[in-house]
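In listed order, ligands and their atoms are each counted from 1. Keep in mind that the numbers below use all heavy atoms, side chains included, and drop hydrogens, waters and symmetry copies.
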Amino acid sequence: MKQDLFVYNTLTRKKEEFKAINAPHVGMYVCGPTVYSDAHLGNCRTYISFDIIFRYLTHLGYKVRYVRNITDAGHLEGDTDEGEDKISKKAKLAKLEPMEIAQKYTVGFHDVMQVLNILPPSIEPLATGHVIEQIELVKTILEKGYAYEVDGSVYFDVEKYNSSNDYGVLSGRNLDDLLTNTRSLGGQQEKRGKLDFALWIKAKPEVLMKWPSPWSIGLPGWHLECSAMSEKYLGEHFDIHGGGIDLIPTHHTNEIAQNMAACGKTPANYWVHTNMLTVNGQKMSKSLGNSFLPYELFSGENSILNKGYSPMTVRFFMLQAHYRSTLDFSNDAMEASEKGFKRLMNSFALLKDLKASSNTEVEIKSLFDRCYEAMNDDFNSPVLIAELFEASRIINSVYDSKLKIDAENLELLKQLMNVFVLEVLGLKDEQAAGDDLPQVLNFIVNLRNEAKSSQDYATSDKIRNGLQQVGFQLKDTKEGTNWSKI
Ligand code: AMP
Ligand code: ZN
């Protein structure tokens, strides 16, 4: 196991050598999606980043227990303590059970994760499956004196907590600054302090998802689920806690406060945060209306897109930026990634045809070391990709008989490509693996749409029914046609 892995820790604001608490075991918790709508491309960026971390730690020999939750209750609109539960609201509008909404978007989320070759976590707990644990946690925080009850709701007392702890430890902001510059999260008439947040929310009569508790029939606050579930599956103190940087100021700050208040320990040693996927410099977000779905990017069916791109091209595009840098989406950047990915995979395909010579003009060991150095430097995937292009250049030169390589170095070159392209970066050769299905489907969908727009409904229906028979369903939306597996 390589020991010289360095990870940037948001908590200490520096790169630190990674030391597992109980090596070779590693506990990693990543905040999962709120399943009230489809995961957009920005969400996918965060999960691809943690997939790389999961894959690399596993490659190094760590036995990683990776917990990524599903938020299927408790996340209120606008991240406030007063709005409506996002899933309940959607269920009411669609006249469905909230769990039908949660199920639909959980299945959709899993499909997208699979298409992007993101490995499933070891445990994927649901907030609704852990209400008892959340109630127990509220009881403990109340007993320790860091929370108070008002009319059936329970709030965390931030100012009291901050008198003996540093509430802003993760964001690096002090309480006075936060008090002046933070908007209230609602429920203000009941709260003692502006920054106090709900641990338990008494349900208004129209709320669909609610549970009995010692305080009221209600629902847990959003931040509580991750404190309760991380502790249940990884213990009071584990190795890595992650999510997007937008979770730092509130969700993760409050999670730390809850865990500290309950058991006197910060939950994780290393806090890892991925930066945002942006569009024209603005964070991609459902609420800003600039988000689009992975399937739209695969099919090109969105007015912002010039054309569609394969899932592995999308994955490669994401990996070309370091996870702590913003990544701005553009058609030009996607086209450049498509070319780069093809170049890399074309040389990968030539590997099997390379012939070893009796002598060598290249030495692969140092290139191999540089690949490890890139990943050991806070999972630096863009630097790793630059090294892989060097490997690709070597492969092409050997193939063109412009460079000699001996059997030992050739074997090492094959190993290097297998380890870093397939295992660590999780890229697949879509053509070789028959994974060009998305392109084929997009082509068929476009044919159907052409038939439809020239009012040839017989052909358009024939294509739709034919696809249904082989297991694919088409859905027409305002933005275009999406396909999914039945
Ligand atoms: P949500 O389903 O909105 O709770 O978000 C799920 C995850 O996606 C969280 O870790 C967010 O931080 C992350 N996320 C949301 N928007 C973006 C974005 N534009 N780029 C990268 N990650 C994002
Ligand atoms: Zn969380």
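- Under the 4.0 angstrom criterion for non-hydrogen atoms, T71 is not in contact with ligand 1.
- Residue-ligand proximity, D246 to ligand 1, at heavy-atom distances under 4.0 Å covers atoms 11 (C), 12 (O), 15 (C).
- Between the side chain of T278 and the backbone N or O of N280, no donor-acceptor pair lies under 3.5 Å.
- Ring to ring, H252 and H273 are close: their centroids are under 6.0 angstrom apart.
- Nearest protein heavy-atom contact of atom 17 (C) of ligand 1 is M276 SD, 3.5 Å.
- With respect to R173 and D177, a salt bridge is recorded, a charged nitrogen being found less than 4.0 Å from a carboxylate O.
- Atoms of ligand 1 found under 4.0 Å from any heavy atom of Y47, numbered from 1 in the order shown, are 6 (C), 7 (C).
- Close approach of ligand 1 to P33 (heavy-atom distance below 4.0 Å) involves ligand atoms 2 (O).
- Nearest to atom 9 (C) of ligand 1 among the protein's heavy atoms is L247 CD1, 4.0 Å.
- The closest approach between a heavy atom of T34 and any atom of ligand 1 is below 4.0 Å.
- Using modelled atom types, one finds a donor on one side chain and an acceptor on the other under 3.5 Å when comparing K286 with S37.
- For the ring pair (Phe, Tyr, Trp, His ring centres under 6.0 Å) with F18, the qualifying choice from F379, Y270, Y56, F6 is Y270, the only one to do so.
- For the atom pair NE2 of H130 and CD of E231, the computed distance is 12.0 Å after rounding to the nearest 0.5 Å.
- Atoms of ligand 1 lying under 4.0 Å from any heavy atom of T46, numbered from 1 in the order shown and given with element: 10 (O), 13 (C), 21 (C), 22 (N), 23 (C).
- Between K89 and D85 there is no salt bridge, since none of the side-chain N atoms of the basic residue sits less than 4.0 Å from a carboxylate O of the acidic one.
- When only non-hydrogen protein atoms are considered, atom 14 (N) of ligand 1 lies nearest to N43 ND2, 3.6 Å.
- Annotation: the span from L126 atom CG to T71 atom OG1 amounts to 9.5 Å, rounded to 0.5 Å.
- Numbered from 1 in the order shown, with element, the atoms of ligand 1 that lie under 4.0 Å from a heavy atom of N275 read 21 (C).
- Of the protein's non-hydrogen atoms, G42 O, 2.9 Å is the one closest to atom 21 (C) of ligand 1.
- Each of T313, L305, L116, L293 was scored for a side-chain contact (heavy atoms from CB on, under 4.5 Å) with F298, with one residue passing: L116.
- Side-chain atoms of K475 never come within 3.5 Å of backbone atoms of N482 as a donor-acceptor pair (strictly under, hydrogens ignored).
- E225 and N69 are linked by a side-chain donor-acceptor pair at a separation below 3.5 angstrom, with hydrogens and angles left out of the test.
- Of the listed residues (I70, L277, I248), the one carrying the non-hydrogen atom nearest atom 20 (N) of ligand 1 is L277.
- At the shortest separation from atom 10 (O) of ligand 1 among protein heavy atoms lies G244 N, 3.2 Å.
- The atom name of the N/O/S atom in H251 closest to the Zn ion (ligand 2) is NE2.
- Put simply, C226 gets within reach of the Zn ion (ligand 2), with an N, O or S atom under 2.8 Å from it.
- Which parts of ligand 1 touch M284 is read off a 4.0 Å heavy-atom cut-off, strictly below it: atoms 16 (N), 18 (C), 19 (N).
- Near K283, with a cut-off below 4.0 Å to any heavy atom, the atoms of ligand 1 are 16 (N), 19 (N).
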